[in-house]
Amino acid sequence: MFSSLNRARSLLSLIRYYSSEVLPQLTKDRYPNIKRGNYAVLTQDHLQYFVDLLGRNRVLNDPSDCETYNIDFIKSVRGYSQCVLKPQTTEEVSKILSFCDEHRLAVCPQGGNTGLVGGSVPVFDEVILSTTLMNKIISIDDISGVLVCEAGCILEELEHALGEQGLMMPLDLGAKGSCRIGGNVSTNAGGLRLIRYGNLHGNVLGVEAVKANGQIIDCLSTLKKDNTGYHLKHLFIGSEGTLGVVTKVVIHCPQKPTSLSLAFFGLESFDNILSTFKRAKKELGEILSSCEMLDAQSLNVVKTHLKLKSPIDDYPYYMVIETSGSNEQHDEEKLNRFLEGVMGDGLVMDGTVTNEPGKMRSIWDLRERITEALMYDGYLYKYDISLPIKDFYSLIPKMIERLGSDATRISGYGHIGDGNIHLNISVPKFRQDVLKKIEPYVYELTSQLKGSVSAEHGVGFRKPPYIHYSKSQNSIDLMKDLKKMMDPNNILNPYKVLPF
Ligand code: FAD
Ligand code: MLT
Ligand code: ZN
């Protein structure tokens, strides 16, 4: 999951920690109101077809081999699929889907399985279509900055390959070591640099996808400008595997900056975060490439569970601000001047600025590894909310007051530059009564504040009943019409995204 050696060691300890724990409850038992659709049950004949198509090694059907594909990253949902398929080509994906459509077998597309809303694993026994073996880079054009690759390429590996050509991916997230570009596109992933490079709807130039009936849709344009007809690629960006399986993508990649600096600040109040963000936009201007925040609980969790060290004293809030550009001296001077200014004006109480790669990595770890660290708390109720910037942190004190001793930790961190907060409520074990205290309350508050119940993680399995808090009935009806048109037998990722 994570890039460097110490991250790999930490992941191993996380795996050991979890393998000593009991498996998460099956989704069908935890959510008994959801009934299995009228799909076929996998038979030996179906399996034989898949083995004939892919060969024995690319069809997993031993329950122990299928287990990790049935459980999501945060161990919140668990399906019981007995079949994982690993196609290597678009044609194989097409044959799998047309067979499944004809035989009414439900399918769950899966990339790196790092999704945080339960969308990437089956709810019941859906066949898992894993893109892990579709991982070839097809071309990188260092003049236009256009990358063409298969959907199963790991984000971090793309980053490395592009780096050799002086380019970079326009997105970066803590899961980069495991998530796959097809998963990123299918979730319209946001991440740490969206403030600078915008979201994938802008950066994806083309998509090749396979519809539920096996038809291949080739929208693999490498052109920056192409206004011929409807922009079909957008149907697949962010539709979380419900409208088609993404098999190839074309991404417009920016130039890799030659100068990079990072600051870590301690602040006394959320108002000071807002003022510092405003000043960062004005004073850092075009070199601002990331603006993140975390509260004391979030920093505590990485200090406690991962033994990471903070370079500054303790404060109620922290910010991570990154600059990137092409003139090291100029950028560093600008960031140092900014730090002096915000400290001189009492907005930032303590801070450090660095451009040393090791020190920058250590600061990023404090922010990026919160998700991983929180899992040691036990079970996580996880929320990914967009809010008007002034209300960004407002849900956290409300949840603390509402839940009292029911929660062991309530933490808030996220992409302040994009108005996207991650609210995480830790408890030792999943409890239905705690869930009822949180939902739909948290979504009602979000809706009252005119926010979105999913900023970047998507709707997946856990949020379809709440989509109406952020979308009008007419919009939901249009989504249902599109789904019916593109997947009339509803075989693609059922029970996800749309209310069922
Ligand atoms: P999966 O988890 O395998 O799948 C996600 C969804 O996409 C599922 O609905 C699945 O069915 C569908 N899907 C996957 N591949 C395809 C395909 N080829 N065709 C059609 N559908 C497909 N997300 C953010 O937005 N921003 C962040 O900053 C961020 N940080 C994270 C940090 C950590 C530590 C972790 C664990 C997760 C983070 N995430 C973040 C969530 C997650 O990494 C992203 O949603 C990511 O884009 C998922 O990619 P994946 O390959 O793992 O997809
Ligand atoms: C993040 O910003 O760290 C991710 O979206 C993951 C999370 O919400 O935990
Ligand atoms: Zn995030």
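Indexing begins at 1, ligand by ligand and atom by atom, following the structure's order. By convention here, the first residue in the shown sequence is residue 1.
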Please report the C-alpha distance between L374 and S426 in whole Å, then the side-chain angles of each, then the deciding distance to 0.1 Å, and finally whether the side-chain contact (heavy atoms from CB on, under 4.5 Å) criterion is met.
CA-CA 7 Å; L374 279 169; S426 311; 3.8 Å; yes

Sorted by first residue and then second, give each salt bridge (Lys or Arg N to Asp or Glu O under 4.0 Å) pair with at least one member in residues 82-108; sequence neighbours left out.
R58-E92

Is L260 close to E322 at the side-chain level, that is, under 4.5 Å between some pair of heavy atoms?
yes

Should S178 be counted as touching ligand 1, given the test is an N or O pair under 3.5 Å?
no

Tell me which protein heavy atom sits closest to atom 5 (O) of ligand 2, plus the residue, atom name and distance to 0.1 Å.
H457 NE2, 2.7 Å

E456, any N or O under 3.5 Å of ligand 1 N or O
yes

Are more than 12 heavy atoms, taken from residues, nucleotides or ligands other than K382, located less than 6.0 Å from that residue's NZ atom?
yes

Salt bridge (Lys or Arg N to Asp or Glu O under 4.0 Å) filter on E456, not counting sequence neighbours, yields none

Within the 4.0 Å heavy-atom shell around T371, which atoms of ligand 2 are there?
3 (O), 6 (C), 7 (C), 9 (O)

Check if G190 has a non-hydrogen atom at a distance under 4.0 Å from any atom of ligand 1.
yes

Which atoms of ligand 2 have any heavy atom of H415 under 4.0 Å away?
2 (O)

Side-chain donor-acceptor pair under 3.5 Å between Y39 and D125, yes or no?
no

Does L173 reach ligand 1 with a nitrogen or oxygen that is under 3.5 Å from one of the ligand's nitrogen or oxygen atoms?
no

Do any nitrogen or oxygen atoms of T371 lie less than 3.5 angstrom from nitrogen or oxygen atoms of ligand 1?
no

Heteroatom proximity flag, A189 to ligand 1, N/O under 3.5 Å:
no

What atoms of ligand 1 come within less than 4.0 Å of a heavy atom belonging to G244?
20 (C)

Can an N or O of E368 be found at a distance shorter than 3.5 Å from an N or O of ligand 2?
no

Minimum heavy-atom distance I389-I416, with the two atoms named
CD1-O, 3.2 Å

If I apply the N/O under 3.5 Å rule, does E368 come out as touching ligand 1?
no

For N300 and T304, test the side chains for any donor-to-acceptor distance below 3.5 angstrom and give the result as yes or no.
no

Go through ligand 2 atom by atom and flag the ones less than 4.0 Å from a non-hydrogen atom of L116.
6 (C), 7 (C)

Between F265 and Y315, is the ring centroid distance below 6.0 Å?
no

Closest by any non-hydrogen atom to atom 11 (O) of ligand 1: pick that one out of P122, G241, P109.
P109

For ligand 1, find out whether one of its N or O atoms is nearer than 3.5 Å to an N or O atom of C179.
no

Taking D172's backbone N and O only, do any of them form a donor-acceptor pair with R193's side chain (distance below 3.5 Å, no angle check)?
no

Check whether any heavy atom of Q110 sits under 4.0 Å from an atom of ligand 1.
yes

Can an N or O of F73 be found at a distance shorter than 3.5 Å from an N or O of ligand 1?
no

So, does H457 sit close enough to ligand 1 that a heavy atom of it is under 4.0 Å from the ligand?
yes

Taking N or O atoms only and a 3.5 Å limit, does T131 qualify as a polar contact for ligand 1?
no

Which of the atoms of ligand 1 are close to T187, meaning less than 4.0 Å from one of its heavy atoms?
5 (C), 6 (C), 7 (O), 45 (O), 46 (C), 47 (O)

Atoms listed for the Zn ion (ligand 3) (protein only, N, O or S, under 2.8 Å, no waters) are H415 NE2, H422 NE2, E456 OE2

Pull out every atom of ligand 2 sitting under 4.0 Å from any heavy atom of K382, numbered as shown with elements.
7 (C), 8 (O), 9 (O)

What I want to check is whether the side chains of S120 and N113 have a donor and an acceptor closer together than 3.5 Å.
yes

Please name all residues satisfying side-chain hydrogen bond (donor to acceptor under 3.5 Å, both in side chains) with S362, sequence neighbours left out, ordered by chain then number.
none

Consider only side-chain N and O atoms of S324 and R196, and report whether a donor and an acceptor are under 3.5 Å apart.
yes

Does any N/O atom on G111 come nearer than 3.5 Å to any N/O atom on ligand 1?
yes

Charged N to carboxylate O below 4.0 Å: is that the case for K496 and E240?
no

Between E439 and Y383, do the side chains contain an N or O donor and an N or O acceptor separated by less than 3.5 Å?
yes

Establish, yes or no, whether a centroid distance under 6.0 Å links the rings of Y495 and F461.
no

If you count the atoms of ligand 2 from 1 in the order shown, which ones are under 4.0 Å from a heavy atom of E456?
2 (O), 5 (O)

Between K256 and E159, does at least one N-O distance fall below 4.0 Å, as a salt bridge requires?
no

Taking only heavy atoms of R367 into account, list the atoms of ligand 2 that are under 4.0 Å away from them.
1 (C), 2 (O), 3 (O)

